[in-house]
Protein chains: 2
Amino acid sequence: MALSQDETTARGRATAEMVAERANVSRVAVSRAFNPHASLKPAKRELILRIAQELNYTPDRAARALVSGRSHLVGVIVPDVCSHWESQEIDALTTALQAEGFATLLFKTRIDYSMDEQLLAYMRGFNPDSVIAFVENVKPTTLAKFLDRAVPIYIHYPRSGAPEDRQAGPLHDRLNVLHRTGVEQAVSLLQGYGARRIAYVSGVDKSRANTAREDMLRVVMAERGLAPPIIAASDFSYDRAYAATLDLFRVGEGADAVFAANDVGAFGVIDALRHELNLRVPEDVKVVGFDDIAQSHWKSYNLTTVKFDLEERVRALVRLILRRLNNPDAPPLEETLNTRLVVRGTVG
Amino acid sequence: MALSQDETTARGRATAEMVAERANVSRVAVSRAFNPHASLKPAKRELILRIAQELNYTPDRAARALVSGRSHLVGVIVPDVCSHWESQEIDALTTALQAEGFATLLFKTRIDYSMDEQLLAYMRGFNPDSVIAFVENVKPTTLAKFLDRAVPIYIHYPRSGAPEDRQAGPLHDRLNVLHRTGVEQAVSLLQGYGARRIAYVSGVDKSRANTAREDMLRVVMAERGLAPPIIAASDFSYDRAYAATLDLFRVGEGADAVFAANDVGAFGVIDALRHELNLRVPEDVKVVGFDDIAQSHWKSYNLTTVKFDLEERVRALVRLILRRLNNPDAPPLEETLNTRLVVRGTVG
DNA sequence: TTGTAGGCGTTATCAG
DNA sequence: CTGATAACGCCTACAA
């Protein structure tokens, strides 16, 4: 059967109408063919889908979003796409979302971790079904103000003690990340190898992840009778961790062991120790990181680190998203993630 | 002025209608207020925008896309979001696109570099205005079949000789990446330091980037009177490059210098040489990479590498996208990117 | 199981 | 410069 003039010369995409005409069915039937829930005689559905494929037709998600209220877009806000942990998380998240029929919509905030309202307004225009903020200093209130339908997901770091009350406020779901186990294991290990004076090369000052890690380290060290950690200010980056380490050992008092706020920072620490200060790792100084990114097993570093299970974390996030979408009016949802120590060569 | 019942209790987002009502103007005026090109009395525009902000209104891009035919979405297809070069490129690209009012829509292909049609059909549903494929083995024909409005952008690696004819076929734009300059500089440097037997630790076999690099290396080495490179098969990853290096020196004939298909591979080469084979870099073996990712200056590697200027590359891509959108029927567009050697510590 | 009617929120077109 | 009207492509009623 030859294509009509219209079909062959059409510039734009094929529409449902064209498929319907060709299959001798109504437009609605075409819509139903693409919606598994709708009832349609199997043979008819099959025919429609076949013709759709021939004509290279796919339903337009923008039009679909307009009427159904679901965009199948998940907004992801990151300060730094190319930082190692984030990029690994985005990768895994995109794969998982794709499998569920969603696509990842990426937004970058300013590097200083400030969440400008302009970006939020901008993002809202795309009408994401859900938003995950890998950004630290934005309050649920602010985000909720800009997102009407989507329920934001927060990464939360509970204190060690009793479960805190949830402050009343706009609805948001959260992923609780528990640092205690991993930090306890790390401090034990360091103590076991005789470390007493432990330094902490920090992450970005305002960052909640950084605060949570530093606090937990302080708590665990106190419980185990150690003096508070020596704090060396840094910002999660290799370069600043490198510089902070030089300061710590040249100007400051040095340390037996260094805890870095993340793995990349730990690499900076290790390189400063080995290549500039001529100290051996782990013989002279032990080093522990946070995250367990893919590079941490590379031989040049072979880093002992407090691991967050990336796959587990992404699964938890996707669960939160899907549960919320299936039940928009549900009370706040939570998922919890634990940490554990991965022992490699920088402590010993 | 008190909000009406409807406005305060409304679940969904504010609509243009609500803003219009409140500002005593027509819906169309609201639309115009948000469109810089449209003519509207400045005072009126200001009023509308103020009220819009109060009501927290932003135009719905899905609806806008439906009628205007522009989604302001740029699809990016990557095999591996978290590989270093890609993540750095996505980061820079997202920033640049955001500044132009576009958002990045991320898609992951299978790791084996195969571009399944299912993914393309899936992506098309989102109606991207443009598509950048960081994927290798997909032909323009395939991509064009699935994208009607969007014009794909290809990364192309011209041979050294005369400019080839463009094969007739579906329209697509391209970014030409010229390897010659950087490779010539690198080979000179290696020769200058006495290297004669040069090995190439490859990238993924099917990858065009890999083929282009290997070919250019072969050509340049021949021109300079060197024997063809010894090929060690790898796949751009640290781990396989590490293993390939062990093979090369334990089972194979070894080499004076190793060219890795990318920086991450070079890190694997260096670590294998230093930590497993007890060879010194650069004294015993010299190493050169490709890309110049952010990690290449880290002290543990301090890699000499053939640099692609990321910022320049992203600017070129954005130029291609904008030019094409402003002129959909333009003939094929091209941009060209050069390479140069960044000299650090792994050759000397 | 199928088809008809109506509307989702916006912009283009055409009047004034 | 402004406003009415008609699409855009699809889905959810509702009726048959």
Side-chain angles (χ1 to χ4, degrees), chain A residues 6 10-21 23-49 52 55-73 101 124-129 148-149, chain B residues 6-7 10-49 52 55-73 101 124-129 148-149:
Chain A
D6 268 2
R11 269 273 169 209
R13 59 195 305 159
T15 103
E17 179 106 41
M18 289 161 60
V19 177
E21 201 172 322
N24 273 323
V25 296
S26 68
R27 269 171 263 120
V28 202
V30 177
S31 172
R32 286 200 246 267
F34 279 90
N35 196 321
H37 302 292
S39 58
L40 190 65
K41 204 156 66 185
K44 201 171 219 171
R45 165 169 283 137
E46 211 172 315
L47 169 72
I48 294 177
L49 290 180
L55 256 45
N56 232 303
Y57 163 82
T58 320
D60 183 330
R61 296 189 106 111
R64 186 179 263 187
L66 203 55
V67 57
S68 71
R70 326 227 90 152
S71 60
H72 286 252
L73 256 27
R124 184 187 45 185
F126 289 97
N127 232 325
D129 284 342
D148 17 51
R149 197 163 46 78
Chain B
D6 269 3
E7 280 159 353
R11 269 274 168 207
R13 58 196 303 159
T15 99
E17 178 106 41
M18 288 159 61
V19 177
E21 203 172 321
R22 207 114 186 284
N24 274 322
V25 296
S26 68
R27 266 173 267 121
V28 199
V30 177
S31 172
R32 284 200 246 268
F34 279 89
N35 196 318
H37 302 291
S39 58
L40 190 63
K41 201 156 66 184
K44 202 171 217 171
R45 165 169 282 137
E46 210 172 314
L47 170 72
I48 294 176
L49 290 180
L55 257 46
N56 231 301
Y57 163 82
T58 319
D60 183 332
R61 296 189 107 109
R64 184 179 265 186
L66 202 55
V67 58
S68 71
R70 326 226 90 151
S71 61
H72 287 250
L73 257 26
R124 183 185 47 183
F126 290 97
N127 231 324
D129 284 341
D148 18 49
R149 195 163 47 77

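Letters A, B, ... are given to chains in the order of the sequence lines, protein chains preceding strands, and every chain is numbered from 1.
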- Starting from the 5' end of DNA chain D, give me the residue, L66(B) or S39(B), whose nearest nucleotide shows up first.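 The answer here is S39(B).
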[X] versus [Y], closest heavy-atom pair with distance:
{"X": "A14(A)", "Y": "Y57(A)", "value": "O-CD1, 3.2 Å"}
{"X": "A33(A)", "Y": "I48(A)", "value": "CB-CG2, 3.6 Å"}
{"X": "L40(A)", "Y": "K44(A)", "value": "CD1-CD, 4.1 Å"}

- Query: If you look at every strand shown and take non-hydrogen atoms under 4.0 Å, does Y57(B) touch a base, only sugar-phosphate, or nothing?
  - Reply: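 Sugar-phosphate, no base atom in range.
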- Task: Looking at every strand, decide which applies to S68(A) at a 4.0 Å heavy-atom threshold: base, sugar-phosphate, or nothing.
- Result: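 Here S68(A) touches no strand at all.
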Output the rounded distance in Å from [atom1] ([X]) to [atom2] ([N]).
{"X": "M18(A)", "N": "dC8(D)", "atom1": "CE", "atom2": "P", "answer": "13 Å"}
{"X": "E17(B)", "N": "dC8(C)", "atom1": "CD", "atom2": "C1'", "answer": "12 Å"}
{"X": "R45(A)", "N": "dT2(C)", "atom1": "CZ", "atom2": "C1'", "answer": "13 Å"}
{"X": "R70(B)", "N": "dA12(C)", "atom1": "CZ", "atom2": "P", "answer": "11 Å"}
{"X": "D60(B)", "N": "dG9(D)", "atom1": "CG", "atom2": "P", "answer": "16 Å"}
{"X": "H37(A)", "N": "dA13(D)", "atom1": "NE2", "atom2": "P", "answer": "13 Å"}
{"X": "F34(B)", "N": "dA12(C)", "atom1": "CZ", "atom2": "P", "answer": "15 Å"}
{"X": "L47(A)", "N": "dT2(C)", "atom1": "CG", "atom2": "P", "answer": "11 Å"}

- Message: Can you tell me if R27(B) has over 12 outside heavy atoms packed within less than 6.0 Å of its CZ?
- Response: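 Count not over threshold, so no.
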- Message: Nearest 0.5 angstrom please: S68(A) OG to D129(A) CG, how far?
- Response: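 One gets 8.0 Å once the value is rounded to the nearest 0.5 Å.
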- Message: Would you compute the distance between atom OG1 of T58(B) and atom CZ of R124(A) and round it to the nearest 0.5 angstrom?
- Response: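 Answer rounded to 0.5 Å: 3.0 Å.
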- Does A52(B) offer a backbone N or O that forms a donor-acceptor pair with the side chain of R22(B) under 3.5 Å?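 Flag not set: sc R22(B) to bb A52(B) has no pair under 3.5 Å.
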- Using the side-chain contact (heavy atoms from CB on, under 4.5 Å) rule, take V30(A) and V25(A) through it: C-alpha gap first, then chi angles, then the decisive distance, then the call. CA-CA 8 Å; V30(A) 177; V25(A) 296; 4.2 Å; yes
- Query: Are OP1 or OP2 of dG9(D) and a side-chain N or O of T15(A) less than 4.0 angstrom apart?
  - Reply: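 The answer is no; no side-chain N or O of T15(A) sits under 4.0 Å from OP1 or OP2.
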- When you check the phosphate oxygens OP1 and OP2 of dC10(D), does a side-chain N or O of S31(A) lie under 4.0 Å from one of them?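 Answer is no, no contact under 4.0 Å.
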- How large an angle, rounded to 10°, do the end axes of the helix from dT1(C)-dA16(D) to dG16(C)-dC1(D) enclose when each is built from five base pairs?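 Overall, the helix from dT1(C)-dA16(D) to dG16(C)-dC1(D) bends by 30° from one end axis to the other.
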- Query: Who passes side-chain hydrogen bond (donor to acceptor under 3.5 Å, both in side chains) against N35(A), sequence neighbours left out?
  - Reply: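 Checked N35(A) against side-chain hydrogen bond (donor to acceptor under 3.5 Å, both in side chains); zero matches.
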Between the protein and nucleotides 3-5 of chain D, are there any N/O to N/O pairs under 3.5 Å, and if so, what are the atom names and distances?
from, atom 1, to, atom 2, distance (Å)
dG3(D), OP2, S26(B), OG, 3.3
dG3(D), N7, R32(B), NH2, 2.5
dG3(D), O6, R32(B), NH2, 3.2

- Item | Closest listed nucleotide, where the reference is the side chain of V67(B) and the choices are dT1(C), dT11(C), dC11(D) |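 Given the options dT1(C), dT11(C), dC11(D), the side chain of V67(B) is closest to dT11(C).
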